[in-house]
Number of protein chains: 2
Amino acid sequence: MLDPVSRVRRFNRAVTSAVGALDTSFLGRGRPLGAARVLNAIGHGRSDVGEIRDYLGLDSGLMSRLLRGLENEGLIETAAHGDDARRRVVRLTRTGRREFSTYEAISNRQAEGFLAGHAQREALLAAMDMIASALGRDSIGLSEMDPRSKEARYCLGAYYDELARRFKQGFDVTLSRDPDARDMVRPRGAFIVAMSDGLPIGCVGLKGSGGDLAEIKRLWVAPDARGLRLGRRLMEAAESAARELGVKVLRLDTNSALPEAGQLYRRSGWTEIPRFNDDPYPDLFFEKRL
Amino acid sequence: MLDPVSRVRRFNRAVTSAVGALDTSFLGRGRPLGAARVLNAIGHGRSDVGEIRDYLGLDSGLMSRLLRGLENEGLIETAAHGDDARRRVVRLTRTGRREFSTYEAISNRQAEGFLAGHAQREALLAAMDMIASALGRDSIGLSEMDPRSKEARYCLGAYYDELARRFKQGFDVTLSRDPDARDMVRPRGAFIVAMSDGLPIGCVGLKGSGGDLAEIKRLWVAPDARGLRLGRRLMEAAESAARELGVKVLRLDTNSALPEAGQLYRRSGWTEIPRFNDDPYPDLFFEKRL
DNA sequence: AATGATATCTGACTAAAGTCAGATATATGC
DNA sequence: GCATATATCTGACTTTAGTCAGATATCATT
């Protein structure tokens with residue numbers, strides 16, 4: 001009915017008016033929007049004045065005045081940065097934390113109110129995740145984490161669930177060769193998680209042995225974040241970590257029930273090789289020389 | 001990983017910065033945002049000053065000044081309304097139309113740019129439709145339309161496609177008793193389409209015979225708009241149209257492969273009755289006395 | 001024709017946001 | 001140690017948005 005561009009524009013209109021409503025709800029605390037935004041940025045853990053300025057896109061003069069205002073209200077304290085006394089760091093006072101938490105309560109209530117009226121809650125949330133990831137594509141960051149961290153475990157859980165759904169015979173992680181976490185931490189290996197604004201949306205493991213040979217494991221991208229070329233980015237990050245660790249040959253196993261994975265490997269310089277382990281799940285094996 | 005409220009808030013953050021970027025791209029024409037918004041409202045066919053003021057939520061003084069500014073730029077012309085000379089109507093001049101079309105081009109380019117980089121185009125658009133409908137839930141309007149109109153045909157096509165997917169034996173509209181369009185237009189019947197900001201997202205037909213008996217046909221709600229109680233609203237609108245036309249008894253047929261439909265009927269006062277036609281597809285029959 | 005309601009406009013104002021040119025203190029490279 | 005760059009701050013300014021109290025013209029009702 002509507003062409004794609006009109007659909008995007010319809011979305012923009014809907015969202016613009018919703019954002020406007022969200023903004024006005026912040027005005028209820030008797031503080032202009034600019035000051036409220038700065039306070040919230042600080043509350044969410046940003047402490048570097050310059051960083052906040054960049055994040056909010058403010059002029060340095062304006063930023064300075066807003067900080068002075070919040071300081072006079074007794075909500076924040078500033079101090080020189082330890083490494084560089086030209087820079088300033090900001091933190092909330094006790095009063096500031098209280099005020100911040102009422103802003104948080106406003107935001108939470110707003111979000112709950114939105115969800116409350118909708119029957120298709122999970123579908124709606126999935127759609128929101130997808131759009132947030134797509135809009136924030138440029139800000140998806142890859143970070144090395146411990147495979148036992150909360151974020152990594154979330155990704156691995158989602159990965160196992162997906163294998164269970166997609167393999168005809170199901171998937172039981174205890175039957176597979178579950179790598180030792182220490183093999184996926186420096187100096188032997190690495191584990192990389194893709195984060196988009198606080199949400200883990202992909203991961204990959206590099207399982208090393210200390211020698212020339214290492215294995216890629218647990219490559220996963222959240223369904224809502226597919227199509228953003230994140231798989232490729234994760235693989236590149238894993239390969240570059242492997243190079244740093246002196247690895248010469250990378251291997252991986254996969255299953256033909258995951259065709260998009262096989263395609264990614266073939267397109268990025270991997271070559272199929274004969275089976276190199278007796279894990280019951282994989283039926284495709286690849287190698288890449290670095 | 002994230003709780004529902006955090007997911008909604010993550011979406012809000014992503015969207016807020018995207019909307020900001022969209023706004024700043026409108027400033028490239030050397031005109032403040034307020035004036036640009038008014039110009040665009042006029043370009044999109046709004047002509048009544050009061051209507052534009054309500055739509056944009058502007059004070060009458062501010063509105064007046066913005067109009068004066070656009071007039072001085074030679075972009076618009078105002079005149080008294082034909083029926084009521086207190087009201088004013090606005091329209092674009094030739095220059096104004098040109099300027100408006102460059103704003104349109106900016107919006108279109110922005111939307112195309114967003115879509116261009118994404119592999120999962122259709123899924124992303126579906127997610128956007130869903131969210132736009134959910135956000136604009138309060139502004140979903142039901143309007144009676146000709147069942148041969150573009151909007152109605154779009155809904156019917158989507159409805160047939162869905163039946164084909166959901167019926168084990170498929171669905172071929174030519175085998176079913178396709179109602180004559182004239183039976184779904186006043187004075188015999190009615191056809192109602194739910195529109196959300198230009199997009200048809202649901203429909204229902206009331207097929208009358210001129211007598212006391214009429215039939216409900218073609219109840220459909222777009223998958224992305226389910227959970228908004230739109231089915232119920234459509235049924236209520238159809239029933240009230242039936243009452244207006246003097247109908248005493250309503251009937252409908254449906255299929256047990258569409259359980260959500262059966263549930264809706266049972267919950268809103270319909271009672272199951274024996275088969276009353278020989279259409280090959282339905283296996284459930286309902287009646288409601290008005 | 002008089003009365004009150006309505007739509008828009010004008011003038012006078014305030015608040016918020018944003019800009020810009022220095023001033024000040026500190027860091028970095030030579 | 002000196003020149004240069006950087007981070008923040010201050011003061012003086014402009015623009016945009018928004019508010020409010022009338023003024024003006026028109027409409028609807030009696």
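All chains are named by letter (A, B, ...) in the order of the sequence lines, taking the proteins before the strands, and each is independently numbered beginning at 1.
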### Query
If you check every side-chain atom of A:A85, which of D:dT8, C:dT26, C:dC9 has the closest atom?
C:dT26

### Task
State which residue, out of A:I192, A:V204, A:L142, A:V221, fulfils the side chain to side chain contact (heavy atoms under 4.5 Å, CB included) condition with A:R233.
A:L142

### Task
Would you indicate what B:D84 reaches in the nucleic acid, counting non-hydrogen atoms under 4.0 angstrom: base, sugar-phosphate, or nothing?
sugar-phosphate

### Query
Which of the following nucleotides, C:dT19, C:dC9, D:dT10, is nearest to the side chain of A:D59?
C:dT19

### Message
Looking only at side-chain N and O atoms, does B:R10 offer a donor or acceptor that is under 3.5 Å from a partner on A:S133?
### Response
yes

## Note on the structure
Which of C:dA17, D:dT16, C:dT8 is nearest the side chain of A:P32? It is C:dA17

### Summary
The nucleotide from D:dC9, D:dT19, C:dC9 with an atom nearest the side chain of B:L62 is D:dT19

### Quiz item: A:R65 side-chain donor-acceptor pair to C:dT19 base, under 3.5 Å
yes

### Query
D:dT8 phosphate, OP1 or OP2: any side-chain N/O from A:R53 under 4.0 angstrom?
yes

### For atom CG of A:D83 and atom P of D:dA7, their distance in whole Å
14 Å

### Query
For C:dA7, does either OP1 or OP2 sit under 4.0 Å from a side-chain N or O belonging to B:R88?
no

### Query
What integer distance in Å separates A:H81:NE2 from D:dT6:P?
17 Å

### Message
Tell me whether the side-chain N or O atoms of A:R86 pair up with the base of D:dT6 as donor and acceptor below 3.5 Å, since no angle test is needed here.
### Response
yes

### Message
I need the CG-C1' distance between A:D23 and D:dG18, as an integer number of Å.
### Response
16 Å

### Summary
Which of D:dC9, C:dT10, D:dA17 is nearest the side chain of B:L33? It is D:dA17

#### Entry: Nearest-angstrom distance from the residue atom CG of A:L67 to C1' of D:dA7
12 Å

### Presence of B:R87 side-chain N/O under 4.0 Å of C:dT6 phosphate oxygens OP1/OP2
no

### Query
Could you give the CD1-to-P distance, from A:I52 to D:dC9, as a whole number of Å?
11 Å

### Message
Check A:R87 with A:E51, please: is the shortest side-chain N to carboxylate O separation under 4.0 Å?
### Response
no

### Task
Nearest whole angstrom, please: distance from the P of C:dT8 to the CD of B:E71.
14 Å

### Task
Identify, between A:G34 and B:R68, the residue whose nearest nucleotide on DNA chain C lies closer to the 5' end.
B:R68

### Message
Whether B:E236 and B:R229 form a salt bridge (side-chain N of Lys/Arg under 4.0 Å from carboxylate O of Asp/Glu) is what I want to check.
### Response
no

### Query
Is B:R91 atom CZ crowded by more than 12 heavy atoms from other residues, nucleotides or ligands, each under 6.0 Å away?
no

